[in-house]
Amino acid sequence: MSQATKRKHVVKEVLGEHMVPSDQQQIVRVLRTPGNNLHEVETAQGQRFLVSMPSKYRKNIWIKRGDFLIVDPIEEGEKVKAEISFVLCKDHVRSLQKEGLWPEAFSEVAEKHNNRNRQTQPELPAEPQSSGEESSSDDDSDLFVNTNRRQYHESDEESEEEETA
């Protein structure tokens, strides 16, 4: 199987399939990624440990801090105690919450994560009603704001000082 075909099937499995954790599996939240396809996670009870990423997900699915996973426990692991079985996206989290299978400890975290995503995505402004007046070119309130960059604000005093100098 080619790399592209493998990637297509893995992505289709992760995005399309609805997964319900079995009795042995548990839902965890990613805290950090120390490297070497290992991720530090936290359970709903607050227990922290490392999980490994299976080879089918490597270089195909990207996991970041704050994502939720379903993991299978590994019996022989001392440091690495589980293996990633499924990566949960927002739709999976919502469906698990509706079914009542979502841990209460993660309910607040998932809602904050969803609200933060909504706040960082700027909404398109409504088209202003034209009343025959041309809008001022100084009004930049309808422009897209890049949240990844620092916001620099000029004060009126600074700009006046530069003009007089």
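Residue numbers start at 1 and run along the sequence shown.
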Asks: Got a second to check how far Q97's CD is from E104's CD, nearest 0.5 Å?
Replies: 9.0 Å
Asks: Between A82 and F49, which heavy-atom pair has the shortest distance, and what is it?
Replies: CB-CE1, 3.8 Å
Asks: Less than 4.5 Å apart, side chain to side chain, heavy atoms only: is that true for V11 and I61?
Replies: yes
Asks: Please report the closest heavy-atom contact between P103 and A44, naming both atoms and the distance.
Replies: CB-CB, 3.6 Å
Asks: Could you give the distance from CE (M53) to CG (L69), rounded to the nearest 0.5 Å?
Replies: 8.0 Å
Asks: Below 3.5 Å, can you tabulate the donor-acceptor pairs from side chains in residues 30-37 to any protein atom, sequence neighbours excluded?
Replies:
{"residue": "R32", "atom": "NE", "partner": "E40", "partner atom": "OE1", "Å": "2.5"}
{"residue": "R32", "atom": "NH2", "partner": "E40", "partner atom": "OE1", "Å": "3.4"}

Asks: I need the L101 CG to S95 OG distance, nearest 0.5 Å.
Replies: 8.5 Å
Asks: With sequence neighbours excluded, tell me which residues meet side chain to side chain contact (heavy atoms under 4.5 Å, CB included) with V80.
Replies: L38, L50, S52, I74
Asks: Measuring from atom CG of D72 to atom CD of Q24, what distance do you get when rounded to the nearest 0.5 angstrom?
Replies: 7.5 Å
Asks: For P54, give me all partners under side chain to side chain contact (heavy atoms under 4.5 Å, CB included), at least two apart in sequence or on another chain.
Replies: Y57, E83, I84
Asks: Hey, is CD on Q3 packed in by over 12 heavy atoms from elsewhere, all under 6.0 Å?
Replies: yes
Asks: I27 pairs by side-chain contact (heavy atoms from CB on, under 4.5 Å) with which of V41, T43, L96, V93?
Replies: L96
Asks: Working to the nearest 0.5 angstrom, can you tell me the gap between H39 NE2 and R65 CZ?
Replies: 13.0 Å
Asks: Can H92 and F86 be said to form a side chain to side chain contact (heavy atoms under 4.5 Å, CB included), step by step?
Replies: CA-CA 10 Å; H92 297 124; F86 196 77; 3.8 Å; yes
Asks: Measure across E78 and K81 and return the closest heavy-atom pair with its distance rounded to 0.1 Å.
Replies: O-CE, 3.3 Å
